[in-house]
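Side chains are part of it too, since the values below use all heavy atoms of this structure and drop only hydrogens, waters and symmetry mates. Keep in mind that what you see is a predicted model, and the values were worked out from it rather than measured.
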Amino acid sequence: IAGREDGSIKGWRSHYDKSSEKAQAGWYGVHLTDYDIYAESTATPHCGILRFTYPKSELSRVQVDLARRVGGSSEAQYVKVESERAFSGWMRCTPQTGGWGNGAGNVAYTVYFYAELSRPVEEFCFWSADIPDGWLRKNNDVVRPEYLARVADAEIIRGKKELSGEHIGIFCEFDTKQGEQVELKVGISYVDVEGAKRNFDAEMAGKNFNKVRKEAFQQWNDALGCVEIEGGSDDDKHIFYTSLYR
């Protein structure tokens, strides 16, 4: 389980070094101190990419909780292993399970994805938590001790190629050399998995993290550069361009 931010329940959640936290248009990076992993993210209009720089280890991991989202959890999920480095699936999100103002936005949608690792792995494995019918699953509900206990007791599933459920995840394990980098690219669509794969191929295929980061920075520069202002103090300009960026 991820655990709780206040540390009252332990999990795979990591502390981070605030002084290492860096951000610029189209990029974010931070050092996860519990695991000595440097994590970075950047994006294209329909895709995202994460890069993890690992220490030397015989058991490094990438894992994805397919249920959790900002403001609660998705209602149902599906995932399928596509190859030794790729997987795809979907998450169905409803107001009853949070998101979009903890459900107040009354938005229901399904997000489809296609994901690809930069290295092959021997096996993708799953977990599936048994969440009782009728349990609330909004923002504060999914961090309750009772809910987290269900996730902690999730069944670990090996030897399968696909899985569906109400709170599932996918993970893989591998050894890493000191400073080895592993990238996870993801394309999304609100139509179908094929659309997510098309977005992936159009915006992400054949590119590494640095390439995507450079393009994202340039796109932000082009967008912010469409407006020029005159006069005012440096503080005034800082406030204006920060507001435009947001």
Quick check: is F52 connected to Y35 through a chain of hydrophobic side chains (ILVMFWY, heavy atoms under 4.5 Å apart)? yes
Quick one: do V121 and V186 end up in the same hydrophobic cluster if we chain Ile, Leu, Val, Met, Phe, Trp and Tyr together by side-chain heavy atoms under 4.5 Å apart? yes
Can you run down the salt bridge (charged side-chain N to carboxylate O under 4.0 Å, His left out) pairs that involve residues 16-28, sequence neighbours left out, and say none if there aren't any? K18-E21
Find the distance between CG (L184) and CD (Q63) and round it off to the nearest 0.5 Å. 12.0 Å
Within this structure, what is the OG-NZ distance for the pair S60 and K177, rounded to the nearest 0.5 Å? 13.0 Å
When clusters are formed from ILVMFWY side-chain contacts under 4.5 Å, directly or step by step, what else is grouped with F217? none
Tell me if a side-chain donor or acceptor on T42 pairs with a main-chain N or O of G26 at a distance below 3.5 Å. yes
Nearest heavy-atom pair of Q77 and S74: which atoms, and what distance? NE2-OG, 3.0 Å
Identify the two heavy atoms, one from V64 and one from W127, that lie closest to each other, and give their separation to 0.1 Å. O-CH2, 3.5 Å
Please enumerate all residues that pass ring pair (Phe, Tyr, Trp, His ring centres under 6.0 Å) together with Y190, with sequence neighbours excluded. Y109
Are M91 and V191 in one and the same hydrophobic cluster, where Ile, Leu, Val, Met, Phe, Trp and Tyr link if side-chain heavy atoms are under 4.5 Å apart? no
Salt bridge (charged side-chain N to carboxylate O under 4.0 Å, His left out) contacts touching residues 107-118 (sequence neighbours left out): none
Under the side-chain contact (heavy atoms from CB on, under 4.5 Å) criterion, do K138 and N140 qualify, and how do the steps go? CA-CA 6 Å; K138 292 187 177 182; N140 292 328; over 6 Å; no
Quick check for you: to the nearest 0.5 Å, what is the distance between E162 atom CD and F124 atom CZ? 14.5 Å
Between V79 and L66 the two heavy atoms that sit nearest each other are CB-CD1, 3.6 Å
Main-chain N/O of N139 paired to N102 side chain as donor or acceptor, under 3.5 Å: yes
Who passes salt bridge (charged side-chain N to carboxylate O under 4.0 Å, His left out) against K207, sequence neighbours left out? E215
For D34, I'd like to know if atom CG has over 12 heavy atoms of other residues, nucleotides or ligands within 6.0 Å. yes
Measuring from T242:OG1 to K237:NZ, what's the distance to the nearest 0.5 Å? 13.5 Å
Can you give me the closest heavy-atom contact between L117 and V182, atom names plus distance? CD2-CG1, 4.0 Å
Which pair of non-hydrogen atoms, one from R137 and one from S73, has the smallest distance, and what is that distance? NE-OG, 3.1 Å
For residues 164-175, please give each side-chain donor-acceptor pair under 3.5 Å, one per line with the distance, not counting sequence neighbours.
{"residue": "H167", "atom": "ND1", "partner": "Y147", "partner atom": "OH", "Å": "2.8"}
{"residue": "H167", "atom": "NE2", "partner": "D65", "partner atom": "OD1", "Å": "3.2"}
{"residue": "H167", "atom": "NE2", "partner": "D65", "partner atom": "OD2", "Å": "3.2"}
{"residue": "E173", "atom": "OE2", "partner": "R61", "partner atom": "NE", "Å": "3.2"}
{"residue": "E173", "atom": "OE2", "partner": "R61", "partner atom": "NH2", "Å": "2.4"}

Minimum heavy-atom distance between G187 and C47, given as atom pair plus value: CA-SG, 3.7 Å
Please go through V212's hydrophobic cluster and name the other residues, only I, L, V, M, F, W, Y counting, with side-chain heavy atoms under 4.5 Å joining them. W27, Y38, I49, Y114, F200, M204, F209
Atom pairs and distances, donor-acceptor, side-chain atoms in residues 220-230, under 3.5 Å, two or more places apart:
{"residue": "D222", "atom": "OD1", "partner": "Q218", "partner atom": "NE2", "Å": "2.8"}

Give me each pair satisfying salt bridge (charged side-chain N to carboxylate O under 4.0 Å, His left out) with a member in residues 84-104, each pair once, sequence neighbours excluded. E75-R92
With sequence neighbours left out, the residues meeting side chain to side chain donor-acceptor pair (under 3.5 Å) with T97 are R69, T94
Is the count of non-hydrogen atoms from other residues, nucleotides or ligands lying under 6.0 Å from E58 atom CD greater than 12? no
Could you tell me the separation between the NZ atom of K185 and the CG atom of N208, rounded to the nearest 0.5 Å? 7.0 Å
Between the CG atom in D36 and the NE2 atom in H31, the distance rounded to the nearest 0.5 Å is 4.0 Å
Do D141 and R144 pass the side-chain contact (heavy atoms from CB on, under 4.5 Å) test, and can you show the C-alpha distance, the side-chain angles, and the key distance before you say yes or no? CA-CA 5 Å; D141 303 313; R144 290 186 298 113; 4.2 Å; yes
Clusters formed by hydrophobic residues whose side-chain heavy atoms approach within less than 4.5 Å: which one holds W90, and what are its other members? Y78, Y112, V193
Pairs involving residues 44-53, ordered by first then second residue, that meet side chain to side chain donor-acceptor pair (under 3.5 Å) (sequence neighbours left out): E40-R51, T44-E203, H46-E203, R51-N210, T53-Q181
